[in-house]
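One structure is given below, encoded as structure tokens.
Here is how names work: the chains are called A, B, and so on, in the same order as the sequence lines, proteins then strands, and each is numbered from 1. Every value quoted in this text rests on a predicted model; they were computed, and no experiment measured them.
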2 protein chains.
Amino acid sequence: MTTANKAIGIFDSGMGGLTVMRALTKHLPQENFLYLGDTARLPYGTKSADTVRRYAIQCGEALIARDVKMVVIACNTASVALAAVQQALAPVPVIGVIEPGAEAAIMAAGDGPIAVIATEGTVKGGAYRTAIRAQGANMPILQQPCPLFVPMAEEGLIDGPIAEAIARRYLEPVLASVPAPSCLLLGCTHYPALKDVIARVTGPGIKLVDSAETTANAVASLLGEMNLQTPPKGTGTRRFLATDAPDRFARVGEIFLGEPIDPGSVELVDLQ
Amino acid sequence: MTTANKAIGIFDSGMGGLTVMRALTKHLPQENFLYLGDTARLPYGTKSADTVRRYAIQCGEALIARDVKMVVIACNTASVALAAVQQALAPVPVIGVIEPGAEAAIMAAGDGPIAVIATEGTVKGGAYRTAIRAQGANMPILQQPCPLFVPMAEEGLIDGPIAEAIARRYLEPVLASVPAPSCLLLGCTHYPALKDVIARVTGPGIKLVDSAETTANAVASLLGEMNLQTPPKGTGTRRFLATDAPDRFARVGEIFLGEPIDPGSVELVDLQ
């Protein structure tokens, strides 16, 4: 098989990264995709940087062992380990969600403040702050962890009065800051599932940046630069690996992928 | 050291089992306790039975390696693996939370229906139903998973209008069943943190059974039967092990233990 015909590997701690796969399959339908959800060890968001780095390298190695041409870390928490994963998987190119998201937020914000919502781990690690500053941008940056958003999304509690009350609880302190943020960065791949209720709480004055979308654009650019695109003929294959509970992966994954997942297409794998 | 002076080992996927330790230290203050939270791999509630069994045996072995006289599985999900853990750790006695909880629920229910609230994994495995039937009780059994209760408790969102709205969402369908349940069993060690809001939703007609309390009673009885009690002189030691993020363990653990945890008393351990 030529390198261009190989699959693009994607991994996440669980199902949230399927929002990135959804954006990728929309932009690049002809590509083959292999998605790995490390469901036996999710969530990564409350784990230490050392543990997350170790798990991320194991996920990347499992995809390389299945002969992918590129690895996408579709998980904000694990993207903090991007440099270590790139080093471990070289020469296969690796893309995370942080840099594309930071770049898009800078564009959207103009000179106004950027608000980042993410898991506890991502907020504590300050990865978006670091990436925004690394691109030379000096606007104020607000950060807000939203720990309930992941289990809410996985339960399908993505709209209605309870979802809105919880979104208000997290977002109102951020929205009340002076000057108000011009842009809200969804810094967790689960959060696009809650985009409608988040947009209702923020109102129309604040731009939402979805790191799933921005990462898909970055992958498309890199494939082009490296001349690794699959020739455009029809729709590629979509395969799934999970480290635990493939049935639950298929059922809950549908919320994030936006289309049904055949439980038979999800293979159980052991990374340890 | 005589066996009686050794510590009682307790483990859970994370911090929730500290509600069991809280009940144990109240009933048996003179005992020494060693608590292990498998925070690197939490939660167990969404993982498969095979994975949970493997993790539970590793936790038990880590406690045995530190010379405990008894092991308490302070986790409803992992208690499903009780027989396998007992076999792996023999001759050290092992107690889970399921049987004591089931027994107390039967006593509380009379002939009325029992409602069990628990994680997705515990409900799906039907462990309480099996344990209640194994004791020859034939009342109707209702089961309701409450997936948001664990992250709510860990965030300290344990009272107020949002907590109550979520509790109503889970409990009202159960309370509306005919005949109404006479008893509600808190089938997850995190849930006692939400006891007040749960009691407000159920109203005074329904007895709440807290498996942390009932397990503490079972441990006290077994220590007596086996003549393993520490002589009553002063207060025993309390030590903690965590497989990840000991700082977070200490901070969040306080909600469940009901008293401060010195971060210096939490040792980081690797089970793999």
- prompt: With only heavy atoms counted, which part of B:Arg168 is less than 4.5 Å from chain A, the side chain, the backbone, both or neither?
  reply: neither
field: Max heavy-atom pair count under 4.5 Å with chain A, selected residue of B:Ile162, B:Val52, B:Val150
entry: B:Ile162
field: Interface residues of residues 71-84 of chain A facing chain B - heavy atom cut-off under 4.5 Å
entry: none
message: Please identify, among B:Met152, B:Glu155, B:Lys124, the residue contributing the most non-hydrogen atom pairs under 4.5 Å to chain A.
response: B:Glu155
field: Contact leader toward chain B among A:Pro246, A:Ala245, A:Pro147, where contacts are heavy-atom pairs under 4.5 Å
entry: A:Pro147
message: Would you say CZ of B:Arg239 has more than 12 non-hydrogen atoms from neighbouring residues, nucleotides or ligands within 6.0 angstrom?
response: no
task: For chain A, find which of B:Arg169, B:Arg41, B:Glu154 contributes the most heavy-atom pairs closer than 4.5 angstrom.
output: B:Arg169
message: Need one label for B:Leu148: side chain, backbone, both or neither, based on atoms under 4.5 Å from any heavy atom in chain A.
response: both
query: Are A:Asp50 and B:Asp244 side-chain neighbours, meaning at least one heavy-atom pair lies under 4.5 Å?
result: no
message: Between B:Thr39 and chain A, with a heavy-atom cut-off of 4.5 Å, which part of the residue counts as in contact: side chain, backbone, both or neither?
response: backbone
message: Between A:Ile166, A:Leu157, A:Leu268, who has the most heavy-atom pairs with chain B when the cutoff is under 4.5 Å?
response: A:Leu157
Interface moiety of B:Tyr55 toward chain A, non-hydrogen atoms closer than 4.5 Å: side chain
message: So for A:Pro145, is it side chain, backbone, both, or neither that comes closer than 4.5 Å to the heavy atoms of chain B?
response: neither
task: Working to the nearest 0.5 Å, report the span between OG of B:Ser48 and CG of A:Asp247.
output: 10.5 Å
